[in-house]
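First comes the structure, then the notes that go with it.
Below, chains carry the letters A, B, ... as their sequence lines are ordered, and counting in each starts from 1.
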Amino acid sequence: MKAFANVHPAVSMTYFLSVLLVSMFLSHPVLQAEALLGGILFCATLQKRGAALRDIGFYLPLFLMVAVTNPLFSHNGVTPLFFLNGNPVTLEAFLYGISLAVMVIGVLLWCKAYSEIMTSDKFLYLFGKAIPKLSLVLSMALRFIPAYLRQSRRVSRAQKAMGLYAGKNITDRVKNRMRVFAAMVSWSLENAMETSASMKARGYGKKGRTNFSLFRFRSADGVLLGVCVLLLAVPLVGAVAGITEFTYYPRVDNIETTPAALAVYTAFGLLSLLPFILEVKEALVWNYYRSKI
Amino acid sequence: MKKWISYGVLCLLVPAVVLCGALLFPAKQYAWISFCVALLSCLPVFLQFEHKKVSTKRLILIASMTALSVLGRILFTPIPGFKPVTAMVVITALYFGSEAGFLTGSLSAVISNFWFGQGPWTPFQMFSWGILGMIAGLLAGPLKRSRILLAIYGALSGVLYSVLMDVWTVLWADGFFNLSRYFAALASALPFTAIYAVSNVIFLLLLCKPIGKILERVQTKYAL
């Protein structure tokens with residue numbers, strides 16, 4: 001189930017941009033932890049269990065790698081833990097490495113969710129009016145790729161039938177791919193010119209072109225957009241007021257617990273958990289309706 | 001007129017965005033600024049392309065060259081770093097000009113990252129591949145004449161790509177430009193830089209002639 005996928009593209013785009021903006025550029029440990037948590041929960045709702053397990057195998061080593069390399073490169077900070085080759089490995093650098101890793105993994109997860117939700121037709125719906133030519137090029141290239149992949153499989157099968165096998169060694173494999181690739185180039189260009197002639201014949205460039213997917217902006221989308229903008233505004237105001245400033249060097253700051261700081265944490269926490277909350281709400285409503293049948 | 005308005009907006013927008021970012025994100029301001037500058041430096045070419053009258057043939061040509069370079073990146077997935085993308089971008093630029101080269105490079109970055117993962121590095125890849133294409137387009141004459149120069153350009157572009165992308169690595173990791181980490185990143189990326197350079201040379205030398213022939217034939221056949 002993807003409750004968030006049914007939201008109007010303008011709203012989901014705003015949402016993703018605001019979460020990414022805060023989690024990439026406000027380096028405050030609480031906000032980063034919230035972004036990571038939200039990203040994990042969101043991706044968990046989008047994926048099957050097997051894929052999620054495989055992801056853990058990818059992200060966990062990456063996390064450790066980022067976290068451990070920072071204290072090796074950076075010797076700032078005043079609390080040495082131990083000495084390595086005469087260089088101090090400091091607590092501050094270690095903590096900064098962990099916060100870096102939390103941020104990197106969080107942003108990666110959000111980008112992953114973005115690619116799941118913001119499919120190319122939504123992207124084109126949003127930008128088709130503003131950049132018509134580029135979005136035409138984008139959408140055609142996106143459409144060409146699966147078609148070319150199919151064709152390249154055909155070419156490679158045909159070449160195999162002609163006796164052009166690829167051996168096991170690497171030069172042979174590279175040569176084989178090259179041969180397929182060159183055949184693809186001439187086929188695709190001929191194909192492209194035919195497409196262009198056909199488009200011209202059907203009146204491309206005339207006024208009144210419509211979109212493939214139609215999205216209606218419903219009142220629920222308006223509410224969601226308002227909530228999203230409001231929740232984004234709080235951390236941004238906090239950033240201007242200096243609440244989200246957090247330094248690791250020379251000494252790690254204390255995490256502020258003033259009411260204003262708590263408000264910033266709560267707002268961003270809600271923002272990053274928004275898709276998960278929507279998902280849970282949908283599941284509850286679904287179960288409720290089913291129980292009444 | 002419309003063109004000048006958009007250029008004006010761009011000229012004001014870049015400093016405005018950078019300034020706002022620097023005020024909002026004091027700890028990460030350099031990462032933010034470089035992110036915005038990378039993205040915005042692609043805009044003039046995009047805008048110019050939008051405002052020009054471009055024939056449908058040329059539009060589709062760019063689309064299919066982009067799709068081909070993405071396809072190349074996908075076909076060569078099993079061999080890390082060994083990708084024909086730069087070579088395809090350079091070949092496009094040699095035969096269809098700087099603008100087509102820039103667009104093919106930057107759009108290849110956006111589109112292939114739908115498969116290989118979008119992220120904050122996307123604008124940097126867009127810019128890096130775009131600029132490699134643009135320079136190749138400017139040097140089209142000599143590069144087409146001499147295979148040695150072409151090979152040198154391929155090797156240099158592999159190095160340049162690595163050098164540009166490592167600026168991103170460092171800015172994003174540290175929030176400012178940490179020179180010692182930059183050198184460490186360059187050193188640790190050395191095997192990849194070597195693979196980029198070698199693969200660019202190999203692909204350019206192998207592909208430039210046959211694909212160039214095909215492109216020239218298409219150019220005369222369809223009057224491009």
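Proximity to chain A is limited to the side chain of B:L207, based on heavy atoms less than 4.5 angstrom apart. The part of B:L206 that comes within reach of chain A is its side chain, from C-beta onward, which places non-hydrogen atoms under 4.5 angstrom from that chain. Interface remark: B:F49 contributes backbone and side-chain atoms alike to the contact with chain A (heavy atom separation under 4.5 Å). The part of A:A182 that comes within reach of chain B is its backbone (N, CA, C, O), which places non-hydrogen atoms under 4.5 angstrom from that chain. Only the side chain of A:F181 comes within contact range of chain B, with heavy atoms under 4.5 Å apart.
The pair B:E216-B:K221 fails the salt-bridge criterion, with no side-chain N (NZ, NE, NH1 or NH2) lying under 4.0 Å from an Asp/Glu carboxylate O.
In this structure the side chain of A:F144 never reaches within 4.5 angstrom of the side chain of A:Q151, judged on heavy atoms.
Across B:P210, B:A63, B:S180, the residue that shares the most heavy-atom pairs under 4.5 angstrom with chain A is B:A63. For the options B:L59, B:V218, B:T66, heavy-atom pairs under 4.5 Å to chain A are most numerous at B:L59. Interface remark: of the candidates B:L61, B:I214, B:T56, B:I60, B:I60 forms the most heavy-atom pairs closer than 4.5 Å to chain A. Comparing B:L103, B:I74, B:I211, B:I62 by how many heavy-atom pairs each has under 4.5 Å with chain A, the most go to B:I211. No other option in B:K213, B:K57, B:R217, B:M65 has as many heavy-atom pairs under 4.5 Å with chain A as B:K57.
When atom types are taken as modelled, the side chain of A:R179 and the backbone of A:Q159 share no donor-acceptor pair closer than 3.5 angstrom.
In this structure, the ring of A:F42 has its center less than 6.0 angstrom from the ring center of A:W110.
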Check your understanding: Checking side chain to side chain contact (heavy atoms under 4.5 Å, CB included) for the pair A:Y148/A:I145: CA distance, chi angles, key distance, verdict?
Key -> CA-CA 5 Å; A:Y148 287 5; A:I145 288 157; 5.7 Å; no
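Checking B:S106 against B:W129 by side-chain atom types alone, no donor-acceptor pair falls below 3.5 Å.
With rounding to the nearest 0.5 Å, the separation of CG in A:L62 from CD1 in A:I105 is 4.0 Å.
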